[in-house]
Amino acid sequence: QVQLVESGGGLVQAGGSLRLSCAASGRTFSRCVIGWFRQAPGKEREFVARINSSGRITYYADSVKGRFTISRDNTRNTVYLQMNSLKPEDTAVYYCAANDPLVVSGGEYDYWGQGTQVTVSS
């Protein structure tokens, strides 16, 4: 199994930047698709970005496209989410998740971190 730990959240002014990290344990990390999700108070969890195992294919939600960049370093078992031009509506708990193609779980993602809080002030 894969264990995921997010870090890098905090309080930032609108227009500022943060870089989130998702550190993983487990030898299967490099073959996993990794996604970032977020959940604001009173809202459902929403997709933010994902990256394939090699790091060559990425996809972003329209709300963050052009502002956020997902990347990974498989030698360090880490995925990053660079967040620029932050807006108050980006305020949420951010989670990373992993999909292992060799795990049959019935869900899109198999493993989840505990989340890191991002707060963007006006």
Side-chain angles (χ1 to χ4, degrees):
Q1 64 178 20
V2 176
Q3 304 262 102
L4 304 172
V5 180
E6 302 93 337
S7 63
L11 175 64
V12 65
Q13 291 274 359
S17 297
L18 284 173
R19 189 178 78 160
L20 306 184
S21 297
C22 175
S25 64
R27 290 185 289 178
T28 63
F29 171 80
S30 61
R31 69 174 183 238
C32 292
V33 173
I34 304 296
W36 282 98
F37 297 80
R38 66 188 183 186
Q39 188 167 22
K43 303 290 186 180
E44 293 297 318
R45 185 179 64 204
E46 66 172 329
F47 167 80
V48 175
R50 70 170 179 262
I51 189 166
N52 78 328
S53 59
S54 70
R56 296 188 184 98
I57 303 173
T58 60
Y59 184 78
Y60 299 91
D62 287 342
S63 59
V64 307
K65 199 172 299 180
R67 300 187 298 120
F68 291 11
T69 303
I70 188 171
S71 61
R72 70 191 296 163
D73 185 346
N74 285 342
T75 68
R76 294 176 168 82
N77 270 24
T78 303
V79 170
Y80 305 97
L81 185 68
Q82 178 66 46
M83 306 186 295
N84 299 325
S85 302
L86 282 162
K87 305 173 181 180
E89 48 262 49
D90 295 318
T91 296
V93 177
Y94 283 71
Y95 301 89
C96 64
N99 175 270
D100 187 343
L102 298 186
V103 173
V104 181
S105 65
E108 187 173 353
Y109 290 89
D110 305 296
Y111 310 106
W112 292 80
Q114 292 299 303
T116 186
Q117 176 71 49
V118 172
T119 303
V120 184
S121 61
S122 301

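Along the sequence shown, the residues carry numbers beginning at 1. Given the structure is predicted, the values throughout are model-derived calculations rather than measurements.
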task = Please answer: with hydrophobic residues joined when any side-chain heavy atoms are less than 4.5 Å apart, are Val120 and Leu18 in the same cluster?
result = yes
key: Distance in Å, Leu102 CG paired with Thr28 OG1, rounded so as to fall on 0.5 Å steps   = 8.5 Å
ask   = With a 3.5 Å cut-off and no angle check, do the side chains of Tyr59 and Arg50 form a donor-acceptor pair?
value = no
message = Checking the side chain of Asn77 only, and the main-chain atoms of Gly26 only, is there a donor and an acceptor separated by less than 3.5 Å?
response = yes
query = Would you say Glu89 has more than 12 foreign heavy atoms packed within less than 6.0 Å of its CD?
reply = yes
inquiry  = Counting neighbours of NZ on Lys65 that are heavy atoms of other residues, nucleotides or ligands and sit closer than 6.0 Å, is the number greater than 12?
reply    = yes
query = Is the backbone N or O of Ile70 less than 3.5 Å from a side-chain atom of Tyr60, with the two atoms forming a donor-acceptor pair by type?
reply = yes
message = Tell me whether Ser21 contacts the main-chain N or O of Ala23 through its side chain, where contact means a donor paired with an acceptor under 3.5 Å.
response = no
task = May I ask you to decide if Arg76's main-chain N or O and Thr78's side chain share a donor-acceptor pair within less than 3.5 Å?
result = yes
Polar side-chain atom of Glu6 near backbone of Gln114 as donor-acceptor pair, under 3.5 Å = yes
request  = Supply the atom-to-atom distance Thr119 OG1 to Leu86 CG, rounded to the nearest 0.5 angstrom.
outcome  = 10.5 Å
request  = Go through the side-chain N and O atoms of Arg72 and Asn74 and say whether any donor and acceptor fall under 3.5 Å apart.
outcome  = yes
ask   = Any cation-pi pair here, Arg45 with Trp36, using under 6.0 Å and within 45°?
value = no
request  = Can you label the angle between the Tyr109 ring and the Phe37 ring as parallel, tilted or perpendicular, going by 30° and 60°?
outcome  = perpendicular
key: Gap between atom SG of Cys32 and atom OH of Tyr111 - 0.5 Å precision   = 7.0 Å
note = One should read off an interatomic distance between Leu81 CG and Leu20 CG, to the nearest 0.5 angstrom, of 5.0 Å
message = With rounding to the nearest 0.5 angstrom, report the CE to OG distance, Met83 to Ser17.
response = 8.5 Å
note = Only one of Thr116, Thr91, Asp90 passes side chain to side chain donor-acceptor pair (under 3.5 Å) with Arg38, and that residue is Asp90
Main-chain N/O of Ser63 paired to Arg67 side chain as donor or acceptor, under 3.5 Å = yes
remark   = dist Asp100:CG -> Phe29:CZ (nearest 0.5 Å) comes out at 11.5 Å
ask   = Sub-3.5 Å donor-acceptor pair from the side chain of Asn52 to the main-chain atoms of Ile57, do we have one?
value = yes
